[in-house]
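Following: one structure in structure tokens, then a few remarks.
Because the structure is a prediction, the values reported are computed rather than measured. What you see below is based on every heavy atom in this structure, not just the backbone, and it leaves out hydrogens, waters and symmetry mates. First the proteins, then the strands, lettered A, B, ... as listed; each starts at 1.
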Protein chains: 2
Amino acid sequence: MERKSAVRMEDVARLAGVSSITVSRVLNHPDKVAEGTRERVLAAVEATGYIPNSVAGSLASRRTRVIGALVPTITNSIFADTIDGMDDVLRPAGYQLLLGATGYSLDEESRLISAMLAQRPAGLLATGLQHQAQAYTLLRATEIPIVETWNVDGDPVDMAVGFSNFRACHAMVTCLAEQGARRIGFVSAPTTANDRAEQRLLGYRRAVRDLGLDADPALEREAKFSFHAGAERLLELLAARPDVEAIFFANDILALGALFECQRRGIRVPEDLAIAGFDDVELAAQVNPGLTTVRIPRYGIGRQAAHMILRRIEGGVVDPSVVDLGFEIVQRASTPAGSAAPA
Amino acid sequence: MERKSAVRMEDVARLAGVSSITVSRVLNHPDKVAEGTRERVLAAVEATGYIPNSVAGSLASRRTRVIGALVPTITNSIFADTIDGMDDVLRPAGYQLLLGATGYSLDEESRLISAMLAQRPAGLLATGLQHQAQAYTLLRATEIPIVETWNVDGDPVDMAVGFSNFRACHAMVTCLAEQGARRIGFVSAPTTANDRAEQRLLGYRRAVRDLGLDADPALEREAKFSFHAGAERLLELLAARPDVEAIFFANDILALGALFECQRRGIRVPEDLAIAGFDDVELAAQVNPGLTTVRIPRYGIGRQAAHMILRRIEGGVVDPSVVDLGFEIVQRASTPAGSAAPA
DNA sequence: CTGAACGTTGTAAGCGCTAACATCCGGATT
DNA sequence: AATCCGGATGTTAGCGCTTACAACGTTCAG
């Protein structure tokens, strides 16, 4: 029973023969303390095993070293990559991530925003530009910097980093058309509470119109995020429109699920059917044939968003406040090498 | 410029015609306040848009609603699943996750533990049973509940949830041997700062000895976590020991990288070479042939760990303090259906 | 009719730090 | 020698809440 109550700053101060403000200074502004004193204090910190109480520190200074991060789910590797990028920038700067998974529910997002704001984070990172009215009220009422990620097709509350899901999908459909396909199917992710998925669907539709392709609604499907759903929609679409030449999936997991199903059924890709995905997950380059897809800056979004938050925390001006990191079509063997220049 | 300083509890109290302690009670112990008063206070909260300052609350009450979670990386889906499990239990209970990624560095882990403890979390979740001396000092000095995850082969600081990596690997090797293989290669993950990987390697070696299999060191390789590294080690191993019958990879990503390489080279699996993995990621069931692997309770580890933390926070006793959630060999087509009963 | 017990609200104190200001000192300036 | 200045440290006063405990009116047993 030698575990006494936690060491406080005053205990360290007493041992070092200084007042507690000097200990505070050694820990927060070391250059404002004479070297000898500093060493004595540091020795006392070491000797006592003192761990500063940042709850008290934050209350007194009115600022925390915590950044809230909201993602739909941590289980989808694309968001894991983004969080990774955020953490790689934030941690060296002394900030910690408070994580919140909304489960693609705007309702849950609002609740999480409330809970996070109660912790008085130094900044907030959210996914997408679509939120509930209540969320907007909360976000607009706060003074802290906010970065919305993964979409630039819309108006951010404060700052935004991402790319145009709309243009990316438009570009891929254009690409498939240039390779000769006229009947191009699209398997969307659920578009409710997901502005990125919605923009992808709209981008497909617009491209179909712009290029005068076959616009049959039977060529459009919706699927939850899983390999299995990708395989299912493939079969449905093939049954409804046996003449479909290419199917574009709103994410790689769906596309790969379909690709694996093709392998099982002996459907030749791309000879019998071309398949394209979106996200360029690592696996896309590994499968056989390799998956044609849209490469997007998952990690970069996280880094850039974190940089913008930090800059604002430090009082800087962030201009422009919306950063489009772009995308890139990655041609692999799951689509025919068309008349378009190979990438 | 109508954005005044943040609403405080006192502002709400004044509007509701009560003292601030009553507001505090409405928010924290609603049943201790008369219904009429409660409604008046809640209306005032709504009207002012008050968001409690939990930094101040935590300082006064000396407890937070934050749980620190340390993982090697969030980028590996197995840890993402575990975090998901933790969050699914913790969030409904009103706790938030403070995330820390150690990057498989015990040094960084120690630093993160310090940083987290400074936030005075209500509990701590760590990965593995191996830590630096300094980390042990910190962990033993704190009063908060700690759960170490993903391993039960060792002595936890406080509580632990996981499975035996050693026995799981031993079992898989035994299984491969029962299917007729005598020359079984093993591709390990880097074992430095990773007790789970180390136990897996030891489990393989022990099984080789126990079963009297070919124990050539040339059958052992080490690979970083990537599809590419799996493919590379496959080729190296095949070059060094062309007579190898089966290769067991310490994780599914390595195994799948090798499987894809086999597809490219026309190596028939399992006729020419059997391949087994570890983790049972979703993809393992999708590829062709399906990957034989070890299914482990990734999500369940997170849930169980969170439950144990919660129970202790609420003053309960957790017994047993080490929970072995077990594992399961999943037979798929990448290994021959041997004399063993099919799963 | 008294007073113990309860439900409800308020008062006082302080959680462990840091911002702001005050103080002290030696040395440079005039 | 008087003055000023800047570096180093200390004093004071909170940050915005919650934990005691006190105070008040009601109710109800004896």
### Query
Taking the side chain of Thr37(B) as heavy atoms from C-beta outward, which of dT9(C), dC17(D), dG10(C) is closest to it?
dT9(C)

### Query
Does a side-chain heavy-atom distance below 4.5 Å link Ile83(B) with Leu99(A)?
yes

### Query
Between dC17(C), dA8(D), dT19(D), which nucleotide gets closest to the side-chain atoms of Met9(A)?
dC17(C)

### Summary
Heavy atoms of Glu108(A) and Thr102(A) approach each other most closely as CB-O, 3.5 Å

### Query
Separation of Lys32(A) atom NZ from dG10(D) atom C1', in whole Å?
15 Å

### Query
Would you say dG16(C) has OP1 or OP2 under 4.0 Å from some side-chain N or O of Arg62(B)?
yes

### Task
Whole angstrom is fine here: how far is it from CD in Glu35(A) over to C1' in dA8(D)?
14 Å

### Message
The side chain of Ser61(B) is closest to which nucleotide in this list: dT8(C), dC17(C), dT19(D)?
### Response
dT19(D)

### Task
Let me know the distance between CD of Gln119(A) and C1' of dC17(D), rounded to the nearest Å.
14 Å

### Message
Categorize Val55(B) for me: base, sugar-phosphate, or nothing, with a 4.0 angstrom heavy-atom threshold over every strand shown.
### Response
nothing

### Query
Does Thr127(B) reach the side chain of Glu148(B), with side-chain heavy atoms less than 4.5 Å apart?
no

### Message
For dG10(D), does the base pair up with any side-chain atom of Arg25(A) as donor and acceptor (N or O, under 3.5 Å, distance only)?
### Response
yes

### Message
Output the rounded distance in Å from CZ (Arg65(B)) to P (dC17(D)).
### Response
17 Å

### Query
What are the two closest heavy atoms between Ser58(B) and Val55(A), and how far apart are they?
CB-CG1, 3.8 Å

### Query
Choosing from dT9(D), dC17(C), dC17(D), which nucleotide comes nearest the side chain of Asn53(A)?
dC17(C)

### Message
Counting the atoms with a prime plus P, OP1 and OP2 as sugar-phosphate, which does Ser58(A) contact under 4.0 Å by heavy atoms, base, sugar-phosphate, or nothing?
### Response
nothing

### Query
Counting side-chain heavy atoms from C-beta on, which of dA19(C), dG16(D), dG16(C) comes nearest to Arg8(B)?
dG16(D)

### Selected nucleotide, minimal atom distance to Tyr50(B) side chain, candidates dT9(C), dG16(C), dC17(D)
dC17(D)

### Message
In this structure, how many angstroms lie between the C1' atom of dT9(C) and the CZ atom of Arg38(B), rounded?
### Response
14 Å

### Task
Could you tell me the separation between the CD atom of Glu10(B) and the C1' atom of dC15(D), rounded to a whole number of Å?
13 Å

### Message
dT18(D), OP1 or OP2 - any side-chain N/O from Ser24(B) closer than 4.0 Å?
### Response
yes

### Task
Go through dG10(C), dC17(D), dA19(C) for me and flag the one nearest to the Thr22(B) side chain.
dG10(C)

### Task
Give the rounded distance in Å between these two atoms: CG of Leu59(A) and C1' of dT18(C).
10 Å

### Query
Rounding to a whole Å, what distance do you find between Ile21(A):CD1 and dT11(D):P?
11 Å

### Summary
From the list Thr142(A), Ile144(A), Leu98(A), Ile67(A), side chain to side chain contact (heavy atoms under 4.5 Å, CB included) partner of Pro121(A) resolves to Ile144(A)

